[in-house]
Amino acid sequence: MSKATLILGSNLGDKITNINVAISHIKINIGLILKKTIIHKTIPEGFNSTNNFVNLGLIVETHLSPFSLLKEVKYIEEKMGRVYDYEIEDRYQDRIIDIDIVYFNNLSFKSNLLIVPHQMHVKSRKFSTKILYELQ
């Protein structure tokens with residue numbers, strides 16, 4: 001079994017419900033939740049929006065490989081109504097749910113599809129520092 005650190009966020013609709021629905025899908029499709037942070041209310045980082053976020057972190061035990069985990073995460077996001085609008089120049093936009101893989105075991109790798117550890121969460125997002133600290 002592997003351990004993955006995930007950070008979830010929502011800034012559209014009923015944000016708390018969105019997070020809870022995503023957690024339910026994670027339990028079913030990904031694995032056992034070993035640790036969960038409190039919900040953090042945060043402002044958007046990396047793009048302009050009047051919709052603030054709710055975020056939380058999870059440590060999950062999973063039998064999935066990193067790429068299988070990414071596939072499941074994207075499936076959950078799409079099932080919940082996440083829309084990827086690649087026509088927009090700014091790649092960051094408001095979202096019903098966002099699930100990022102921050103760590104996967106002690107792996108460090110980079111591909112066209114996945115970078116672990118997730119550099120934005122580890123190095124530059126202010127809210128991530130609190131969430132990752134809370135998961136230690």
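Atom set for the values below is all heavy atoms of this structure, side chains included, hydrogens, waters and symmetry mates excluded.
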Which heavy atom of [X] sits nearest to which heavy atom of [Y], and what is that distance?
{"X": "L64", "Y": "F104", "value": "O-CZ, 3.2 Å"}
{"X": "H118", "Y": "I101", "value": "CB-O, 3.3 Å"}
{"X": "N52", "Y": "K15", "value": "O-NZ, 2.9 Å"}
{"X": "L107", "Y": "P66", "value": "CD1-CG, 4.0 Å"}
{"X": "I99", "Y": "A22", "value": "CD1-CB, 4.3 Å"}
{"X": "S2", "Y": "N105", "value": "OG-ND2, 3.1 Å"}

Going by heavy atoms in the side chains, are [X] and [Y] under 4.5 Å from each other?
{"X": "L132", "Y": "I7", "value": "yes"}
{"X": "L56", "Y": "I38", "value": "no"}
{"X": "V102", "Y": "L6", "value": "no"}
{"X": "E77", "Y": "D98", "value": "yes"}
{"X": "I76", "Y": "I97", "value": "no"}
{"X": "I19", "Y": "V21", "value": "no"}

Is there a donor-acceptor pair closer than 3.5 Å between any side-chain N or O of [X] and the backbone N or O of [Y]?
{"X": "R82", "Y": "I96", "answer": "no"}
{"X": "N51", "Y": "L12", "answer": "no"}
{"X": "E61", "Y": "M1", "answer": "no"}

Just how far is it from atom [atom1] of [X] to atom [atom2] of [Y], taken to the nearest 0.5 Å?
{"X": "K126", "Y": "T42", "atom1": "NZ", "atom2": "OG1", "result": "11.5 Å"}
{"X": "N11", "Y": "F53", "atom1": "CG", "atom2": "CZ", "result": "3.5 Å"}
{"X": "M80", "Y": "S10", "atom1": "CE", "atom2": "OG", "result": "7.0 Å"}
{"X": "K71", "Y": "L114", "atom1": "NZ", "atom2": "CG", "result": "14.5 Å"}
{"X": "L8", "Y": "N55", "atom1": "CG", "atom2": "CG", "result": "8.5 Å"}

Q) Parallel under 30°, tilted from 30 to 60°, perpendicular over 60°: which one fits the rings of F67 and F109? A) tilted
Q) Can you name the residues that form a ring-ring contact (aromatic ring centres under 6.0 Å, His included) with Y75, not counting sequence neighbours? A) none
Show me the side-chain donor-acceptor pairs of residues 28-37 shorter than 3.5 Å, one per line, residues at least two apart or across chains.
unit_1: N29; atom_1: ND2; unit_2: H25; atom_2: O; d: 3.4
unit_1: K35; atom_1: NZ; unit_2: L135; atom_2: O; d: 3.4
unit_1: K35; atom_1: NZ; unit_2: Q136; atom_2: O; d: 2.8
unit_1: T37; atom_1: OG1; unit_2: G57; atom_2: N; d: 2.8

Q: Could I get the full list of side chain to side chain donor-acceptor pair (under 3.5 Å) partners for S49, not counting sequence neighbours?
A: D94
